[in-house]
Structures are given as C-alpha cells and as structure tokens.
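Okay, structure first, notes after.
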Amino acid sequence: MCLSHQGVRCGIPPRRILGASKGSGSEQVVCLWRRADSVQRGSPNAEERVFQLATIDGPRWIRGSNPTLCSVPAVDVCRLTPLLRELVPLPHVVGVAEIAGDLVWLVDPTRFSPVAAEVNISVESAV
C-alpha cells in the first residue's frame, strides 16, 4: 500500500497494516521519519486517516493520506546503497521504488522501533 506520511510518499506491505480509520485524534500517533517516540497531537486533516501498523514494539498508529494499493515487481525495487543507508539512519526504510512516476520509500514496519524523544532525525535532513 502506498500512502503519504508527513508529506513523504511511502510503500508499506499491506499484510503489515492491521487497520485503518478516519481517526478521532485520540490515537497516539508516531512518526516513521524520526527516530523518536514523539506523539503527534491533534486531529488529522480531513483527507488524513490513521493506519495501525505491526511494528517490532507491537501495534503503532501513523497518520497518512492518499492511500492506494499497488503492486511493485521485485525488479523495480532498489535496496538502499551503503552510502544511502548511512544518510538515512532509519532501519525500517529498506528500499526505494518508482511507483506511478513517484519515488517511494519502501518501509518494513516490523523494523520500526521508536526510541528516546530527544533524538530527531528526519528524512528531509538526511537526504
């Protein structure tokens, strides 16, 4: 499933998505692009939904928008190069692919484990 999370397009295997809802704002929502367990507060935008993912630490909620189901042939999936792996210190980002003309970060949420809130490394600053 492809979706936009914090303005970044990402692909998550549908089997790792445990549920989705409009979101009431009461869910504790984490961010995939930070190595922090910071919780986003407030209600999602009208176009946003919340998705519950199976992570290494159990179910976690993220906000996302524009979800679409798509299939990506294995030949179109590129693993992160060693240099890019250094620049993107997020173990749950496992690759990149072009889907419908968009560059999409491929995420394995079973590798996602939020850590101390004082660490704040975003994809935007890493790339």
Side-chain angles (χ1 to χ4, degrees):
M1 173 174 288
C2 286
L3 57 96
S4 293
H5 171 64
Q6 294 185 297
V8 178
R9 202 74 178 144
C10 63
I12 300 170
R15 68 183 177 278
R16 301 295 183 209
I17 299 175
L18 305 174
S21 73
K22 274 192 156 183
S24 63
S26 64
E27 299 89 355
Q28 290 194 337
V29 183
V30 297
C31 305
L32 295 175
W33 308 135
R34 292 185 208 144
R35 296 187 64 169
D37 195 14
S38 60
V39 174
Q40 293 181 341
R41 303 212 189 289
S43 298
N45 297 330
E47 70 275 1
E48 283 186 316
R49 302 290 180 259
V50 289
F51 298 88
Q52 189 177 43
L53 306 180
T55 73
I56 197 168
D57 293 331
R60 299 282 192 205
W61 291 94
I62 65 165
R63 287 193 184 144
S65 59
N66 306 317
T68 58
L69 282 176
C70 50
S71 179
V72 181
V75 297
D76 293 339
V77 172
C78 299
R79 292 182 183 268
L80 296 185
T81 65
L83 177 59
L84 195 51
R85 170 54 57 211
E86 275 186 53
L87 294 173
V88 182
L90 305 169
H92 53 282
V93 176
V94 295
V96 68
E98 183 179 339
I99 300 173
D102 291 328
L103 194 58
V104 175
W105 291 107
L106 302 176
V107 173
D108 179 355
T110 62
R111 295 180 180 200
F112 176 66
S113 179
V115 294
E118 64 273 2
V119 179
N120 184 8
I121 301 172
S122 66
V123 161
E124 298 90 344
S125 67
V127 179

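The analysis underlying the following values was restricted to heavy atoms, covering all of them including side chains, and did not include hydrogens, waters or symmetry mates. Please read these numbers as outputs of a predicted model, since none were measured by experiment.
- With values rounded to the nearest 0.5 angstrom, C78 atom SG is found 10.5 Å from L84 atom CG.
- Pairing each heavy atom of I56 with each of S113, the nearest pair is CG2-CB, 3.2 Å.
- More than 12 heavy-atom neighbours from other residues, nucleotides or ligands sit within 6.0 angstrom of CZ on R85.
- Looking at heavy atoms from C-beta onward, W105 lies out of side-chain contact with L90 at the 4.5 angstrom threshold.
- With contacts defined as side-chain heavy-atom distances shorter than 4.5 Å, the pair F112/L53 does not qualify.
- In terms of heavy atoms, S71 sits closest to P73 at O-CD, 3.8 Å.
- Grouped by direct or indirect side-chain proximity (heavy atoms under 4.5 Å, Ile/Leu/Val/Met/Phe/Trp/Tyr only), L103 sits with V96.
- The hydrophobic cluster containing V104, built from Ile/Leu/Val/Met/Phe/Trp/Tyr side-chain heavy atoms closer than 4.5 Å, also comprises V72, V77, V94, I99, L106.
- In terms of heavy-atom proximity, M1 sits nearest to P67 at SD-CB, 4.0 Å.
- Nearest heavy-atom pair across F51 and A20 is CD2-CB, 3.6 Å.
- Side-chain contact between V50 and I62 is absent, with no heavy atoms from C-beta onward closer than 4.5 Å.
- For the atom pair R9 CZ and L3 CG, the distance stands at 6.5 Å (nearest 0.5 Å).
- Atom-to-atom distance recorded for E86:CD and T81:OG1 is 9.0 Å, nearest 0.5 angstrom.
- Without hydrogens or angle criteria, H5 side chain to R63 main chain gives a donor-acceptor distance under 3.5 Å.
- Note that OG1 of T55 is 9.5 Å distant from CG of L32, once rounded to the nearest 0.5 Å.
- For G19 against W61, the heavy-atom pair with the smallest separation is O-CZ3, 4.5 Å.
- Here the side chains of K22 and R49 are in contact, with some heavy-atom distance below 4.5 Å.
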